[in-house]
Amino acid sequence: AQKITQTQPGMFVQEKEAVTLDCTYDTSDQSYGLFWYKQPSSGEMIFLIYQGSYDEQNATEGRYSLNFQKARKSANLVISASQLGDSAMYFCAGGDIDDKIIFGKGTRLHILP
Amino acid sequence: DAGVIQSPRHEVTEMGQEVTLRCKPISGHDYLFWYRQTMMRGLELLIYFNNNVPIDDSGMPEDRFSAKMPNASFSTLKIQPSEPRDSAVYFCASTRDYSYTEAFFGQGTRLTVV
């Protein structure tokens, strides 16, 4: 069965520094997608960024980018120039194409002023 | 599009009562997922549909849980009878086709069973 591993339960980072959150997807399939979501204290799940396994380029969306390592099936989220509003829970999710999307346990990110 | 819409946002019910959660996916999205989030177990996939057909319901905890998708714009998750351990936030999410380039969540329904 597929599995998403996020190794960092919590992180503290100084404001304006870059942050890297880890994510690895354990699957036997070669066609899959990896997602990142932000869940602030208000509870909603906010879609941040997506990486397909056959995408040539690493995905970027504003201050968010993915460091995709295909051989390791990992897609680490990089947040550049962190802001206080980035404090939240971050979930990595993955799904084999045409199959279910499963989630990791999340990383709680604290941005310090 | 208004995004994925879930109702109600909050539900408090007594043990033994039937609870129905509703979801309207984004128009044009072929896949619909129901998740449950608790502190202990994180985000669990309960069931997902493709073109209104249930594909994998292996995450549904018990026979007390059932889900339907009568058409492309509506799905329900029903718990009958409800129990206190069902208290959680239930999310619905949808994504278009198999390419999975986007998958958006509803606001969630916070269910409390007393």
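The structure displayed is predicted, hence computed values, not measured ones. Labels below follow one simple rule: chain letters A, B, ... track the order of the sequence lines, proteins then strands, and each chain is numbered from 1.
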- prompt: Given the rule that I, L, V, M, F, W and Y join up when any side-chain heavy atoms are under 4.5 Å apart, are A/Phe35 and A/Leu48 in one cluster?
  reply: no
B/Met15 with B/Tyr90, same ILVMFWY side-chain cluster at under 4.5 Å: yes
message: To check you understand the geometry: which heavy-atom pair defines the closest contact between B/Phe91 and A/Gln39, and what is its length?
response: CZ-NE2, 3.6 Å
task: Using a heavy-atom cutoff of under 4.5 Å, enumerate the residues of residues 52-63 of chain B that contact chain A, numbered in order, or state 'none'.
output: B/Asp56, B/Ser58
statement: Of all heavy-atom pairs linking A/Ile102 and B/Tyr35, the shortest is N-OH, 4.4 Å
field: Crowding at CZ, B/Arg110 (>12 non-hydrogen neighbours, <6.0 Å)
entry: no
field: Transitive ILVMFWY side-chain link A/Leu66 to A/Tyr54, under 4.5 Å
entry: no
- prompt: For A/Gln57, does the CD atom have more than 12 heavy-atom neighbours from other residues, nucleotides or ligands under 6.0 Å away?
  reply: no
query: Once you round to the nearest 0.5 Å, how far does CD1 of A/Ile101 lie from OG1 of B/Thr95?
result: 5.5 Å
query: Are any of the side-chain heavy atoms of B/Phe105 and A/Phe47 separated by less than 4.5 Å?
result: no
task: Examine whether an atom of B/Glu44 lies under 4.5 Å from a heavy atom of chain A, and if so say whether it belongs to the side chain, the backbone or both; otherwise answer neither.
output: neither
field: B/Leu45-B/Phe49 co-clustered via ILVMFWY side chain contacts under 4.5 Å
entry: no
field: Minimum heavy-atom distance A/Tyr37-B/Ala103, with the two atoms named
entry: OH-O, 2.5 Å
- request: Please round to the nearest 0.5 Å and tell me the distance separating atom NZ of A/Lys105 and atom CZ of B/Arg41.
  value: 9.0 Å
- request: Verify the cluster assignment for A/Phe12 and A/Leu84: are they in a single hydrophobic cluster under the rule of side-chain heavy atoms below 4.5 Å apart?
  value: no
message: Tell me if the NZ atom of A/Lys70 is crowded by more than 12 foreign heavy atoms within 6.0 Å.
response: yes
field: Those residues that, when tested against A/Lys73, pass side chain to side chain contact (heavy atoms under 4.5 Å, CB included) (two or more places apart)
entry: A/Thr27, A/Gln30, A/Tyr32
message: If I compare all heavy atoms of B/Leu43 with all of A/Phe103, which pair ends up nearest, and what's the gap?
response: CD1-CD2, 3.6 Å
